[in-house]
Amino acid sequence: MEKQYTYEELLEIVAELRSEHGCPWDRAQTHESMISCLRDECEEVVQAIEKKDDENLCEELGDVMLQVLMNSQIAAEEGRFTMEDVVDGLAKKLVRRHPHVFGDEKAQTPEEGLASWEAIKRQEKEERARRSGEKAQISKENS
């Protein structure tokens with residue numbers, strides 16, 4: 001039987017590819033150098049969906065996941081954030097934006113669920129803008 005890798009093993013493989021004894025191409029990558037790869041892989045996912053090609057879709061989703069893992073690994077190496085931070089942030093966002101699933105609100109239709117998501121997203125953006133404005137004001141005052 002062929003080995004089946006775990007998520008944790010995949011993270012270790014990506015880290016190894018970027019290590020000093022890993023792959024020179026992978027080590028040379030930056031967020032910026034990977035932009036075209038990410039665009040290409042996302043487009044290949046869309047094409048697989050349009051063709052209803054599950055085998056190719058599975059492979060292309062893996063390629064998009066590699067882009068996420070590589071960018072997260074680069075950020076971790078720079079001390080900015082980790083894949084665990086990405087996973088945690090996404091989980092928190094999904095719970096926060098689905099109060100009709102994880103809270104007391106109700107959504108009976110897909111449209112109501114989407115409207116709830118969009119309203120919460122809008123509130124979050126407004127709050128970020130407000131906090132950003134406060135930070136700028138504090139920075140000006142401290143100058």
What pair of heavy atoms forms the shortest contact from [X] to [Y], and how long is it?
X	Y	answer
E105	S116	OE1-OG, 4.1 Å
K106	H100	C-CB, 3.8 Å
L11	L69	CD2-CD2, 3.4 Å

Do the side chain of [X] and the main chain of [Y] share a donor and acceptor less than 3.5 angstrom apart?
X	Y	answer
E112	Q108	yes
N71	Q67	yes
S72	V68	yes
Q29	W25	yes

For the residue pair R80 / H31, report whether a side-chain donor-acceptor contact shorter than 3.5 Å exists.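 Their side chains do contain a donor-acceptor pair, which is all the 3.5 Å distance test asks for.
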Just how far is it from atom [atom1] of [X] to atom [atom2] of [Y], taken to the nearest 0.5 Å?
X	Y	atom1	atom2	answer
L66	L61	CG	CG	12.5 Å
Q73	I13	CD	CD1	12.5 Å
E118	Q123	CD	CD	12.0 Å
M65	L10	CE	CG	5.5 Å
E59	D54	CD	CG	13.0 Å
E12	S19	CD	OG	12.0 Å

Shared ILVMFWY cluster between [X] and [Y], side chains joined below 4.5 angstrom?
X	Y	answer
L17	M34	no
L90	V101	no
F102	W117	no

Under the side-chain contact (heavy atoms from CB on, under 4.5 Å) rule, what do E9 and Q4 come out as? Steps first, then yes or no, please.
-> CA-CA 10 Å; E9 289 171 320; Q4 187 160 3; over 6 Å; no
Show me the donor-acceptor pairs, under 3.5 Å and distance only, between side chains in residues 92-99 and residues at least two apart or in other chains.
{"unit_1": "K92", "atom_1": "NZ", "unit_2": "D88", "atom_2": "OD2", "d": "2.9"}
{"unit_1": "R96", "atom_1": "NE", "unit_2": "E124", "atom_2": "OE2", "d": "2.3"}
{"unit_1": "R96", "atom_1": "NH2", "unit_2": "E124", "atom_2": "OE2", "d": "3.3"}
{"unit_1": "R97", "atom_1": "NE", "unit_2": "E124", "atom_2": "OE1", "d": "2.9"}
{"unit_1": "R97", "atom_1": "NH2", "unit_2": "E124", "atom_2": "OE1", "d": "2.5"}
{"unit_1": "H98", "atom_1": "ND1", "unit_2": "L94", "atom_2": "O", "d": "2.6"}

Practice item. Please assess Y7 against V87 for the test side-chain contact (heavy atoms from CB on, under 4.5 Å), listing each intermediate value before the final yes or no. Key: CA-CA 12 Å; Y7 172 75; V87 169; 3.7 Å; yes
Looking at E78, I'd like to know if its CD atom is crowded, meaning that more than 12 non-hydrogen atoms belonging to other residues, nucleotides or ligands lie closer than 6.0 Å.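 Check passes, neighbour count above 12.
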NZ/NE/NH1/NH2 to OD/OE distance under 4.0 Å, R131 and E127
yes
Enumerate, atom names and distances included, each donor-acceptor pair closer than 3.5 Å involving a side-chain atom of residues 35-52, sequence neighbours excluded.
{"unit_1": "E43", "atom_1": "OE2", "unit_2": "Q47", "atom_2": "NE2", "d": "3.4"}

